[in-house]
*Asks:* 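Below you will find the structure I want to go over with you.
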There are 2 protein chains.
Amino acid sequence: MTVLSTKERILNSTEELVAESGFCDLTMRQISTHANTNLAAINYHFGSKQSLINHMLERRLDTLFEMRLKRLDELENGSEQPCLLRQVLKAFIEPALVISNDERMGGQRFMKILARAYAERSDFLHELLSSRYANVIKRFAAAIERACPPLDEQTVFWRFHFIIGALTYVMADFGAASKTSHMSEQEFFATCNHQLVDFAEAALSAPRRLSECQADTASSA
Amino acid sequence: MTVLSTKERILNSTEELVAESGFCDLTMRQISTHANTNLAAINYHFGSKQSLINHMLERRLDTLFEMRLKRLDELENGSEQPCLLRQVLKAFIEPALVISNDERMGGQRFMKILARAYAERSDFLHELLSSRYANVIKRFAAAIERACPPLDEQTVFWRFHFIIGALTYVMADFGAASKTSHMSEQEFFATCNHQLVDFAEAALSAPRRLSECQADTASSA
DNA sequence: ATCCGCATTAAACAAACGTTTGATTGCTTT
DNA sequence: AAAGCAATCAAACGTTTGTTTAATGCGGAT
(Lines give C-alpha, C1' and ligand atoms only; values in the text may rest on other atoms or scores of the structure.)
Protein backbone atom coordinates (compact mmCIF):
# COMPACT_ATOMS: atom_id res chain seq x y z
CA MET A 1 0.00 0.00 0.00
CA THR A 2 1.55 3.23 -1.18
CA VAL A 3 1.26 6.26 1.07
CA LEU A 4 -0.52 9.17 -0.57
CA SER A 5 0.26 12.84 -0.14
CA THR A 6 -2.22 15.11 1.56
CA LYS A 7 -3.09 16.79 -1.74
CA GLU A 8 -3.85 13.44 -3.35
CA ARG A 9 -5.92 12.29 -0.41
CA ILE A 10 -7.95 15.49 -0.55
CA LEU A 11 -8.55 15.12 -4.30
CA ASN A 12 -9.55 11.48 -3.91
CA SER A 13 -11.88 12.22 -1.05
CA THR A 14 -13.50 15.05 -2.98
CA GLU A 15 -14.09 12.70 -5.87
CA GLU A 16 -15.59 10.01 -3.70
CA LEU A 17 -17.87 12.39 -1.85
CA VAL A 18 -19.16 14.11 -4.98
CA ALA A 19 -19.77 10.78 -6.67
CA GLU A 20 -21.63 9.58 -3.62
CA SER A 21 -23.87 12.50 -2.86
CA GLY A 22 -23.34 15.25 -5.40
CA PHE A 23 -21.96 18.74 -5.41
CA CYS A 24 -24.76 20.22 -3.32
CA ASP A 25 -23.95 18.45 -0.10
CA LEU A 26 -20.20 18.69 -0.45
CA THR A 27 -18.62 20.51 2.49
CA MET A 28 -15.04 21.28 3.41
CA ARG A 29 -15.45 19.53 6.74
CA GLN A 30 -16.70 16.35 5.07
CA ILE A 31 -13.67 16.36 2.82
CA SER A 32 -11.14 16.96 5.57
CA THR A 33 -12.64 14.25 7.75
CA HIS A 34 -12.77 11.77 4.87
CA ALA A 35 -9.18 12.58 3.87
CA ASN A 36 -7.92 12.34 7.44
CA THR A 37 -6.49 15.82 7.35
CA ASN A 38 -7.14 19.22 8.81
CA LEU A 39 -9.87 21.54 7.59
CA ALA A 40 -7.44 24.38 6.95
CA ALA A 41 -5.16 22.12 4.93
CA ILE A 42 -7.59 22.24 2.02
CA ASN A 43 -7.45 25.99 1.75
CA TYR A 44 -3.70 25.83 2.24
CA HIS A 45 -3.20 23.48 -0.71
CA PHE A 46 -5.96 24.62 -3.06
CA GLY A 47 -6.85 28.16 -2.04
CA SER A 48 -10.61 27.78 -2.13
CA LYS A 49 -13.38 25.23 -2.48
CA GLN A 50 -14.05 26.14 -6.10
CA SER A 51 -10.38 25.84 -6.98
CA LEU A 52 -10.31 22.40 -5.37
CA ILE A 53 -13.25 21.26 -7.50
CA ASN A 54 -11.56 22.58 -10.62
CA HIS A 55 -8.36 20.70 -9.84
CA MET A 56 -10.36 17.53 -9.22
CA LEU A 57 -12.08 17.79 -12.62
CA GLU A 58 -8.95 18.68 -14.55
CA ARG A 59 -6.94 15.79 -13.17
CA ARG A 60 -9.23 13.15 -14.68
CA LEU A 61 -10.39 15.05 -17.74
CA ASP A 62 -6.80 15.49 -18.88
CA THR A 63 -6.28 11.74 -18.72
CA LEU A 64 -9.56 11.01 -20.48
CA PHE A 65 -8.92 13.31 -23.42
CA GLU A 66 -5.29 12.25 -23.69
CA MET A 67 -6.42 8.66 -24.02
CA ARG A 68 -9.02 9.56 -26.62
CA LEU A 69 -6.55 11.58 -28.64
CA LYS A 70 -3.94 8.83 -28.50
CA ARG A 71 -6.42 6.26 -29.77
CA LEU A 72 -7.50 8.54 -32.61
CA ASP A 73 -3.90 9.27 -33.56
CA GLU A 74 -3.07 5.58 -33.70
CA LEU A 75 -6.14 5.00 -35.81
CA GLU A 76 -5.50 7.75 -38.33
CA ASN A 77 -1.81 6.95 -38.66
CA GLY A 78 -2.61 3.29 -39.29
CA SER A 79 -4.28 3.76 -42.65
CA GLU A 80 -4.66 6.34 -45.37
CA GLN A 81 -8.34 5.96 -46.17
CA PRO A 82 -11.04 7.27 -43.82
CA CYS A 83 -11.24 5.23 -40.64
CA LEU A 84 -14.11 2.87 -40.01
CA LEU A 85 -16.88 4.58 -38.09
CA ARG A 86 -16.90 1.87 -35.47
CA GLN A 87 -13.20 2.34 -34.77
CA VAL A 88 -13.60 6.09 -34.33
CA LEU A 89 -16.49 5.57 -31.94
CA LYS A 90 -14.51 3.04 -29.96
CA ALA A 91 -11.64 5.50 -29.71
CA PHE A 92 -14.04 7.97 -28.16
CA ILE A 93 -16.18 5.74 -26.00
CA GLU A 94 -13.81 3.10 -24.69
CA PRO A 95 -11.44 5.42 -22.79
CA ALA A 96 -14.41 6.46 -20.67
CA LEU A 97 -15.19 2.83 -19.95
CA VAL A 98 -11.54 2.03 -19.29
CA ILE A 99 -11.40 4.76 -16.69
CA SER A 100 -14.69 3.53 -15.25
CA ASN A 101 -13.13 0.13 -14.84
CA ASP A 102 -9.83 1.26 -13.35
CA GLU A 103 -9.88 2.01 -9.67
CA ARG A 104 -6.59 3.90 -9.88
CA MET A 105 -8.26 6.45 -12.13
CA GLY A 106 -11.25 6.96 -9.96
CA GLY A 107 -13.27 4.07 -11.34
CA GLN A 108 -16.94 4.69 -11.95
CA ARG A 109 -16.84 7.65 -9.62
CA PHE A 110 -15.38 10.03 -12.16
CA MET A 111 -18.05 9.43 -14.77
CA LYS A 112 -20.74 10.06 -12.22
CA ILE A 113 -19.03 13.30 -11.34
CA LEU A 114 -18.78 14.26 -14.97
CA ALA A 115 -22.49 13.71 -15.50
CA ARG A 116 -23.23 15.86 -12.50
CA ALA A 117 -20.90 18.59 -13.62
CA TYR A 118 -22.58 18.60 -17.03
CA ALA A 119 -26.02 18.85 -15.49
CA GLU A 120 -24.91 21.56 -13.10
CA ARG A 121 -23.80 23.52 -16.16
CA SER A 122 -20.52 24.19 -14.42
CA ASP A 123 -19.10 27.26 -16.10
CA PHE A 124 -15.66 25.90 -15.47
CA LEU A 125 -16.41 22.64 -17.24
CA HIS A 126 -17.95 24.33 -20.26
CA GLU A 127 -14.96 26.61 -20.56
CA LEU A 128 -12.67 23.60 -20.37
CA LEU A 129 -14.54 21.72 -23.09
CA SER A 130 -14.64 24.69 -25.42
CA SER A 131 -10.99 25.59 -24.95
CA ARG A 132 -8.60 23.00 -23.59
CA TYR A 133 -10.31 19.99 -25.19
CA ALA A 134 -12.01 21.68 -28.13
CA ASN A 135 -9.41 20.50 -30.62
CA VAL A 136 -9.90 16.86 -29.58
CA ILE A 137 -13.66 17.11 -29.97
CA LYS A 138 -13.31 18.78 -33.36
CA ARG A 139 -10.96 16.10 -34.57
CA PHE A 140 -13.44 13.40 -33.60
CA ALA A 141 -16.32 15.21 -35.25
CA ALA A 142 -14.25 15.52 -38.43
CA ALA A 143 -13.26 11.85 -38.34
CA ILE A 144 -16.88 10.80 -37.90
CA GLU A 145 -17.95 13.05 -40.75
CA ARG A 146 -15.32 11.49 -43.00
CA ALA A 147 -16.50 8.01 -42.00
CA CYS A 148 -20.15 8.85 -42.72
CA PRO A 149 -20.04 10.33 -46.21
CA PRO A 150 -23.81 10.47 -46.81
CA LEU A 151 -24.38 12.62 -43.71
CA ASP A 152 -24.14 16.38 -43.62
CA GLU A 153 -22.16 18.26 -41.01
CA GLN A 154 -25.22 19.34 -39.06
CA THR A 155 -26.62 15.84 -38.70
CA VAL A 156 -23.27 14.50 -37.54
CA PHE A 157 -23.12 17.30 -35.00
CA TRP A 158 -26.53 16.39 -33.57
CA ARG A 159 -25.99 12.67 -33.44
CA PHE A 160 -22.55 13.00 -31.91
CA HIS A 161 -24.04 15.13 -29.15
CA PHE A 162 -26.84 12.63 -28.56
CA ILE A 163 -24.23 9.92 -28.14
CA ILE A 164 -22.22 11.99 -25.70
CA GLY A 165 -25.46 12.43 -23.76
CA ALA A 166 -26.18 8.72 -23.73
CA LEU A 167 -22.60 7.97 -22.69
CA THR A 168 -22.63 10.49 -19.89
CA TYR A 169 -26.03 9.45 -18.68
CA VAL A 170 -25.37 5.75 -18.62
CA MET A 171 -22.03 6.19 -16.91
CA ALA A 172 -23.72 8.23 -14.23
CA ASP A 173 -26.30 5.54 -13.75
CA PHE A 174 -23.79 2.73 -13.89
CA GLY A 175 -23.77 1.76 -10.25
CA ALA A 176 -27.50 1.95 -9.75
CA ALA A 177 -28.29 0.03 -12.91
CA SER A 178 -25.72 -2.70 -12.30
CA LYS A 179 -27.31 -3.48 -8.96
CA THR A 180 -30.73 -4.14 -10.48
CA SER A 181 -29.27 -6.42 -13.16
CA HIS A 182 -28.39 -10.06 -12.65
CA MET A 183 -24.79 -9.73 -13.77
CA SER A 184 -21.44 -9.36 -12.11
CA GLU A 185 -19.90 -5.94 -12.35
CA GLN A 186 -17.41 -7.19 -14.94
CA GLU A 187 -20.11 -8.68 -17.11
CA PHE A 188 -22.15 -5.54 -16.81
CA PHE A 189 -19.20 -3.41 -17.84
CA ALA A 190 -18.49 -5.50 -20.92
CA THR A 191 -22.15 -5.56 -21.91
CA CYS A 192 -22.43 -1.82 -21.53
CA ASN A 193 -19.39 -1.32 -23.72
CA HIS A 194 -20.68 -3.47 -26.57
CA GLN A 195 -24.20 -2.15 -26.37
CA LEU A 196 -23.04 1.44 -26.40
CA VAL A 197 -20.71 1.02 -29.38
CA ASP A 198 -23.40 -0.86 -31.31
CA PHE A 199 -25.89 1.81 -30.40
CA ALA A 200 -23.64 4.66 -31.51
CA GLU A 201 -22.68 2.98 -34.75
CA ALA A 202 -26.28 2.24 -35.62
CA ALA A 203 -27.37 5.77 -34.85
CA LEU A 204 -24.61 7.32 -36.95
CA SER A 205 -24.82 4.89 -39.84
CA ALA A 206 -28.48 5.47 -40.53
CA PRO A 207 -29.43 7.74 -43.42
CA ARG A 208 -30.93 11.10 -42.63
CA ARG A 209 -34.69 11.50 -42.35
CA LEU A 210 -35.75 7.88 -42.28
CA SER A 211 -39.32 8.91 -42.83
CA GLU A 212 -40.46 12.33 -43.85
CA CYS A 213 -44.10 11.71 -42.97
CA GLN A 214 -44.42 14.72 -40.71
CA ALA A 215 -47.37 17.10 -40.40
CA ASP A 216 -48.19 15.41 -37.12
CA THR A 217 -45.89 17.41 -34.91
CA ALA A 218 -47.97 18.19 -31.84
CA SER A 219 -47.84 21.76 -30.70
CA SER A 220 -50.55 22.21 -28.06
CA ALA A 221 -51.15 20.83 -24.60
CA MET B 1 -52.67 38.85 -16.81
CA THR B 2 -54.02 36.34 -14.35
CA VAL B 3 -53.09 36.76 -10.72
CA LEU B 4 -51.25 33.77 -9.31
CA SER B 5 -51.57 32.37 -5.82
CA THR B 6 -48.62 32.51 -3.48
CA LYS B 7 -48.10 28.76 -3.78
CA GLU B 8 -47.96 28.96 -7.56
CA ARG B 9 -45.60 31.91 -7.50
CA ILE B 10 -43.28 30.02 -5.16
CA LEU B 11 -43.30 26.92 -7.39
CA ASN B 12 -42.65 28.98 -10.51
CA SER B 13 -39.83 30.88 -8.88
CA THR B 14 -38.23 27.68 -7.65
CA GLU B 15 -38.35 26.29 -11.16
CA GLU B 16 -36.83 29.37 -12.69
CA LEU B 17 -34.04 29.61 -10.14
CA VAL B 18 -33.09 25.94 -10.35
CA ALA B 19 -33.10 26.05 -14.14
CA GLU B 20 -30.92 29.13 -14.05
CA SER B 21 -28.29 28.17 -11.53
CA GLY B 22 -28.92 24.64 -10.29
CA PHE B 23 -29.91 23.03 -7.06
CA CYS B 24 -26.68 23.88 -5.25
CA ASP B 25 -27.15 27.61 -5.09
CA LEU B 26 -30.87 27.51 -4.41
CA THR B 27 -31.76 29.27 -1.16
CA MET B 28 -35.06 29.97 0.53
CA ARG B 29 -34.33 33.67 0.56
CA GLN B 30 -33.70 33.73 -3.19
CA ILE B 31 -37.02 32.03 -3.76
CA SER B 32 -39.02 34.31 -1.47
CA THR B 33 -37.52 37.41 -3.02
CA HIS B 34 -38.10 36.16 -6.57
CA ALA B 35 -41.70 35.17 -5.74
CA ASN B 36 -42.42 38.48 -4.01
CA THR B 37 -43.45 36.79 -0.80
CA ASN B 38 -42.23 36.29 2.71
CA LEU B 39 -39.50 33.86 3.63
CA ALA B 40 -41.65 32.07 6.18
CA ALA B 41 -44.46 31.65 3.67
CA ILE B 42 -42.50 28.89 1.93
CA ASN B 43 -42.28 26.80 5.07
CA TYR B 44 -45.91 27.58 5.79
CA HIS B 45 -47.12 26.27 2.44
CA PHE B 46 -44.64 23.45 1.80
CA GLY B 47 -43.25 22.49 5.19
CA SER B 48 -39.60 22.31 4.20
CA LYS B 49 -37.20 23.07 1.39
CA GLN B 50 -37.03 19.42 0.32
CA SER B 51 -40.79 19.14 0.25
CA LEU B 52 -40.97 22.24 -1.93
CA ILE B 53 -38.53 20.71 -4.42
CA ASN B 54 -40.55 17.50 -4.48
CA HIS B 55 -43.75 19.38 -5.21
CA MET B 56 -42.02 21.31 -7.97
CA LEU B 57 -40.84 18.10 -9.65
CA GLU B 58 -44.12 16.25 -9.28
CA ARG B 59 -46.18 19.03 -10.80
CA ARG B 60 -44.42 18.83 -14.16
CA LEU B 61 -43.57 15.13 -14.16
CA ASP B 62 -47.22 14.24 -13.73
CA THR B 63 -48.09 16.24 -16.83
CA LEU B 64 -45.21 14.79 -18.82
CA PHE B 65 -46.06 11.17 -18.10
CA GLU B 66 -49.77 11.77 -18.55
CA MET B 67 -49.08 13.13 -22.03
CA ARG B 68 -46.84 10.20 -22.86
CA LEU B 69 -49.39 7.69 -21.67
CA LYS B 70 -52.20 9.38 -23.55
CA ARG B 71 -50.22 9.31 -26.79
CA LEU B 72 -49.38 5.63 -26.31
CA ASP B 73 -52.99 4.78 -25.54
CA GLU B 74 -54.21 6.53 -28.68
CA LEU B 75 -51.57 4.70 -30.66
CA GLU B 76 -52.33 1.24 -29.34
CA ASN B 77 -56.09 1.67 -29.59
CA GLY B 78 -55.73 2.83 -33.18
CA SER B 79 -54.58 -0.48 -34.62
CA GLU B 80 -54.40 -4.13 -33.70
CA GLN B 81 -50.96 -5.00 -35.01
CA PRO B 82 -47.81 -3.83 -33.20
CA CYS B 83 -47.31 -0.09 -33.55
CA LEU B 84 -44.61 1.36 -35.75
CA LEU B 85 -41.43 1.95 -33.82
CA ARG B 86 -41.25 5.53 -34.97
CA GLN B 87 -44.71 6.26 -33.63
CA VAL B 88 -43.90 4.77 -30.23
CA LEU B 89 -40.72 6.84 -30.03
CA LYS B 90 -42.60 9.96 -30.99
CA ALA B 91 -45.14 9.26 -28.28
CA PHE B 92 -42.31 9.18 -25.79
CA ILE B 93 -40.05 11.95 -27.06
CA GLU B 94 -42.44 14.60 -28.34
CA PRO B 95 -44.25 15.32 -25.09
CA ALA B 96 -40.91 16.40 -23.65
CA LEU B 97 -40.39 18.72 -26.58
CA VAL B 98 -43.95 20.01 -26.39
CA ILE B 99 -43.42 20.95 -22.78
CA SER B 100 -40.09 22.51 -23.69
CA ASN B 101 -41.91 24.67 -26.19
CA ASP B 102 -44.82 25.68 -23.98
CA GLU B 103 -44.13 28.52 -21.60
CA ARG B 104 -47.21 27.70 -19.52
CA MET B 105 -45.65 24.36 -18.63
CA GLY B 106 -42.31 25.75 -17.62
CA GLY B 107 -40.83 25.78 -21.10
CA GLN B 108 -37.27 24.64 -21.47
CA ARG B 109 -36.71 25.24 -17.79
CA PHE B 110 -38.30 22.01 -16.69
CA MET B 111 -36.15 19.80 -18.90
CA LYS B 112 -33.04 21.46 -17.57
CA ILE B 113 -34.25 20.81 -14.07
CA LEU B 114 -34.98 17.20 -14.91
CA ALA B 115 -31.48 16.68 -16.24
CA ARG B 116 -30.06 18.18 -13.09
CA ALA B 117 -32.24 16.07 -10.87
CA TYR B 118 -31.14 12.96 -12.75
CA ALA B 119 -27.50 13.85 -12.38
CA GLU B 120 -27.93 14.72 -8.73
CA ARG B 121 -29.30 11.20 -8.25
CA SER B 122 -32.17 12.68 -6.33
CA ASP B 123 -33.52 9.83 -4.22
CA PHE B 124 -36.95 11.32 -4.54
CA LEU B 125 -36.81 11.34 -8.33
CA HIS B 126 -35.60 7.75 -8.53
CA GLU B 127 -38.34 6.66 -6.19
CA LEU B 128 -40.87 8.47 -8.34
CA LEU B 129 -39.64 6.87 -11.55
CA SER B 130 -39.64 3.38 -10.09
CA SER B 131 -43.05 3.69 -8.49
CA ARG B 132 -45.45 6.35 -9.71
CA TYR B 133 -44.32 6.27 -13.35
CA ALA B 134 -42.96 2.74 -13.52
CA ASN B 135 -46.02 1.40 -15.31
CA VAL B 136 -45.74 4.01 -18.06
CA ILE B 137 -42.08 3.20 -18.63
CA LYS B 138 -42.80 -0.52 -18.70
CA ARG B 139 -45.57 -0.06 -21.24
CA PHE B 140 -43.24 1.87 -23.52
CA ALA B 141 -40.50 -0.72 -23.18
CA ALA B 142 -43.00 -3.43 -24.07
CA ALA B 143 -44.31 -1.48 -27.05
CA ILE B 144 -40.80 -0.93 -28.35
CA GLU B 145 -39.98 -4.59 -27.91
CA ARG B 146 -43.07 -5.54 -29.90
CA ALA B 147 -42.10 -3.10 -32.64
CA CYS B 148 -38.54 -4.47 -32.82
CA PRO B 149 -39.04 -8.22 -33.13
CA PRO B 150 -35.43 -9.15 -33.91
CA LEU B 151 -34.18 -7.55 -30.68
CA ASP B 152 -34.04 -9.28 -27.32
CA GLU B 153 -35.39 -7.73 -24.15
CA GLN B 154 -31.97 -6.86 -22.78
CA THR B 155 -30.88 -4.98 -25.88
CA VAL B 156 -34.11 -3.01 -25.97
CA PHE B 157 -33.57 -2.13 -22.32
CA TRP B 158 -30.11 -0.77 -22.99
CA ARG B 159 -30.95 1.19 -26.08
CA PHE B 160 -34.07 2.68 -24.54
CA HIS B 161 -31.97 3.91 -21.63
CA PHE B 162 -29.36 5.36 -23.97
CA ILE B 163 -32.11 7.29 -25.72
CA ILE B 164 -33.50 8.61 -22.46
CA GLY B 165 -29.97 9.76 -21.68
CA ALA B 166 -29.62 11.53 -25.01
CA LEU B 167 -33.03 13.14 -24.62
CA THR B 168 -32.32 14.35 -21.11
CA TYR B 169 -28.88 15.58 -22.00
CA VAL B 170 -29.87 17.50 -25.08
CA MET B 171 -32.86 19.08 -23.37
CA ALA B 172 -30.59 20.28 -20.60
CA ASP B 173 -28.24 21.77 -23.15
CA PHE B 174 -31.02 23.21 -25.26
CA GLY B 175 -30.55 26.87 -24.42
CA ALA B 176 -26.79 26.86 -24.59
CA ALA B 177 -26.67 24.95 -27.86
CA SER B 178 -29.36 27.02 -29.55
CA LYS B 179 -27.34 30.17 -28.96
CA THR B 180 -24.30 28.85 -30.78
CA SER B 181 -26.37 27.77 -33.77
CA HIS B 182 -27.51 30.06 -36.54
CA MET B 183 -31.21 29.27 -36.20
CA SER B 184 -34.19 30.83 -34.56
CA GLU B 185 -35.40 29.11 -31.43
CA GLN B 186 -38.37 27.68 -33.32
CA GLU B 187 -36.21 26.27 -36.08
CA PHE B 188 -33.84 24.83 -33.54
CA PHE B 189 -36.69 23.18 -31.69
CA ALA B 190 -38.07 21.56 -34.82
CA THR B 191 -34.66 20.39 -35.94
CA CYS B 192 -33.95 18.90 -32.54
CA ASN B 193 -37.23 17.04 -32.64
CA HIS B 194 -36.64 15.48 -36.05
CA GLN B 195 -33.02 14.68 -35.38
CA LEU B 196 -33.82 13.03 -32.09
CA VAL B 197 -36.62 10.86 -33.46
CA ASP B 198 -34.46 9.84 -36.43
CA PHE B 199 -31.62 9.09 -34.10
CA ALA B 200 -33.72 6.97 -31.78
CA GLU B 201 -35.34 5.05 -34.59
CA ALA B 202 -32.02 4.32 -36.23
CA ALA B 203 -30.49 3.19 -32.96
CA LEU B 204 -33.38 0.87 -32.16
CA SER B 205 -33.87 -0.49 -35.67
CA ALA B 206 -30.33 -1.74 -36.08
CA PRO B 207 -29.65 -5.43 -35.60
CA ARG B 208 -27.74 -6.52 -32.55
CA ARG B 209 -23.93 -6.85 -32.64
CA LEU B 210 -23.17 -5.13 -35.89
CA SER B 211 -19.62 -6.39 -35.78
CA GLU B 212 -18.29 -8.98 -33.41
CA CYS B 213 -14.64 -8.16 -34.03
CA GLN B 214 -13.70 -7.66 -30.40
CA ALA B 215 -10.56 -8.86 -28.59
CA ASP B 216 -9.29 -5.31 -28.62
CA THR B 217 -10.96 -4.07 -25.45
CA ALA B 218 -8.26 -2.06 -23.74
CA SER B 219 -7.88 -2.67 -20.03
CA SER B 220 -4.75 -0.85 -18.86
CA ALA B 221 -3.77 2.80 -18.54
C1' DA C 1 -69.64 43.47 16.80
C1' DT C 2 -67.17 39.17 17.80
C1' DC C 3 -64.96 35.27 16.82
C1' DC C 4 -62.42 32.06 14.01
C1' DG C 5 -59.28 30.10 10.67
C1' DC C 6 -56.14 31.04 7.11
C1' DA C 7 -52.44 33.77 5.24
C1' DT C 8 -48.73 36.84 5.77
C1' DT C 9 -45.16 39.22 8.14
C1' DA C 10 -40.72 40.77 10.75
C1' DA C 11 -37.66 39.03 13.78
C1' DA C 12 -34.98 35.73 15.88
C1' DC C 13 -33.00 31.02 16.26
C1' DA C 14 -29.31 27.56 16.36
C1' DA C 15 -26.51 25.23 13.22
C1' DA C 16 -23.39 24.90 9.48
C1' DC C 17 -20.86 27.10 6.08
C1' DG C 18 -16.06 28.67 3.77
C1' DT C 19 -12.25 31.02 5.17
C1' DT C 20 -8.53 33.06 8.15
C1' DT C 21 -5.45 33.36 11.90
C1' DG C 22 -1.52 32.31 14.65
C1' DA C 23 0.90 28.82 16.98
C1' DT C 24 3.40 24.48 16.35
C1' DT C 25 5.49 20.64 14.12
C1' DG C 26 9.22 18.21 11.51
C1' DC C 27 12.70 18.39 8.13
C1' DT C 28 16.46 20.65 5.51
C1' DT C 29 19.88 24.00 4.99
C1' DT C 30 23.27 26.97 6.90
C1' DA D 1 23.01 24.29 17.15
C1' DA D 2 20.37 27.71 14.81
C1' DA D 3 17.67 29.44 11.23
C1' DG D 4 14.39 28.77 7.48
C1' DC D 5 10.54 26.81 5.41
C1' DA D 6 6.60 24.26 4.04
C1' DA D 7 2.99 21.63 6.27
C1' DT D 8 -0.23 20.86 9.83
C1' DC D 9 -3.17 22.02 13.52
C1' DA D 10 -6.93 23.86 16.86
C1' DA D 11 -9.60 27.65 17.28
C1' DA D 12 -12.14 31.37 15.94
C1' DC D 13 -13.98 34.53 12.33
C1' DG D 14 -18.16 36.66 10.19
C1' DT D 15 -21.88 34.96 6.99
C1' DT D 16 -25.41 32.49 5.48
C1' DT D 17 -28.26 28.67 5.92
C1' DG D 18 -33.24 26.42 6.85
C1' DT D 19 -36.52 26.74 10.20
C1' DT D 20 -39.43 28.58 14.02
C1' DT D 21 -41.85 31.92 16.71
C1' DA D 22 -45.22 35.15 17.82
C1' DA D 23 -47.69 38.98 16.23
C1' DT D 24 -50.65 40.97 12.68
C1' DG D 25 -54.01 41.43 8.75
C1' DC D 26 -58.08 39.92 6.66
C1' DG D 27 -62.48 37.69 5.17
C1' DG D 28 -66.69 35.01 6.24
C1' DA D 29 -69.66 32.81 9.75
C1' DT D 30 -71.85 33.20 14.21
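Convention: sequence-line order gives letters A, B, ...; per-chain numbering from 1.
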*Asks:* Is the side chain of A/K90 donor-acceptor paired with the backbone N or O of A/R71 at a distance under 3.5 Å, no angle test?
*Replies:*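 Such a contact is absent between A/K90 side chain and A/R71 backbone.
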*Asks:* Could you write out each protein N or O paired with an N or O of nucleotides 5-9 of chain C at a distance under 3.5 Å?
*Replies:*
| from | atom 1 | to | atom 2 | distance (Å) |
| --- | --- | --- | --- | --- |
| C/dA7 | OP2 | B/Y44 | OH | 2.6 |
| C/dT8 | OP1 | B/T6 | OG1 | 2.4 |
| C/dT8 | OP2 | B/H45 | NE2 | 2.8 |
| C/dT9 | OP2 | B/N38 | N | 3.1 |

*Asks:* Test A/K70 against A/E74 for salt bridge (Lys or Arg N to Asp or Glu O under 4.0 Å), laying out the working first.
*Replies:* CA-CA 6 Å; A/K70 186 166 162 257; A/E74 290 170 355; 3.8 Å; yes
*Asks:* Figure out the CG/C1' separation between A/N43 and D/dT8, and round it to whole Å.
*Replies:*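 My rounded result for the distance is 13 Å.
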*Asks:* Using whole Å, report how far CG of A/L52 lies from C1' of C/dC17.
*Replies:*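 The distance from CG of A/L52 to C1' of C/dC17 comes to 15 Å, rounded to the nearest Å.
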*Asks:* With a 6.0 Å cut-off on ring centres, are A/F199 and B/F160 close enough?
*Replies:*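 No, the ring centres sit 6.0 Å or more apart.
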*Asks:* Taking side chain as C-beta onward, heavy atoms only, is A/L64 less than 4.5 Å from A/L114?
*Replies:*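 A/L64 reaches A/L114 side chain to side chain.
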*Asks:* How close or far is atom C1' of C/dA16 from atom NZ of B/K49, stated in whole angstroms?
*Replies:*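 Between C1' of C/dA16 and NZ of B/K49: 13 Å.
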*Asks:* Please examine the side chains of B/I137 and B/I164, heavy atoms only from C-beta on, and report whether any two atoms are closer than 4.5 Å.
*Replies:*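 B/I164 does not reach B/I137 side chain to side chain.
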*Asks:* Applying ring-ring contact (aromatic ring centres under 6.0 Å, His included), which residue pairs with at least one partner in residues 28-60 of chain B are found, sequence neighbours left out?
*Replies:*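 Listed by first then second residue: B/F46-B/H55.
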*Asks:* Less than 4.5 Å apart, any side-chain heavy atom of B/V88 and any of B/F92?
*Replies:*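 A side-chain contact under 4.5 Å is absent here.
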*Asks:* What are the residues of residues 23-31 of chain B, sorted by number, that bring a heavy atom to within less than 4.0 Å of DNA chain D?
*Replies:*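 Heavy-atom cutoff 4.0 Å gives B/L26, B/T27, B/M28, B/R29.
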*Asks:* Check whether any side-chain N or O of A/R159 sits under 3.5 Å from a backbone N or O of A/A203 as a donor-acceptor pair, and report yes or no.
*Replies:*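 Pair found, side chain donor or acceptor close to backbone of A/A203.
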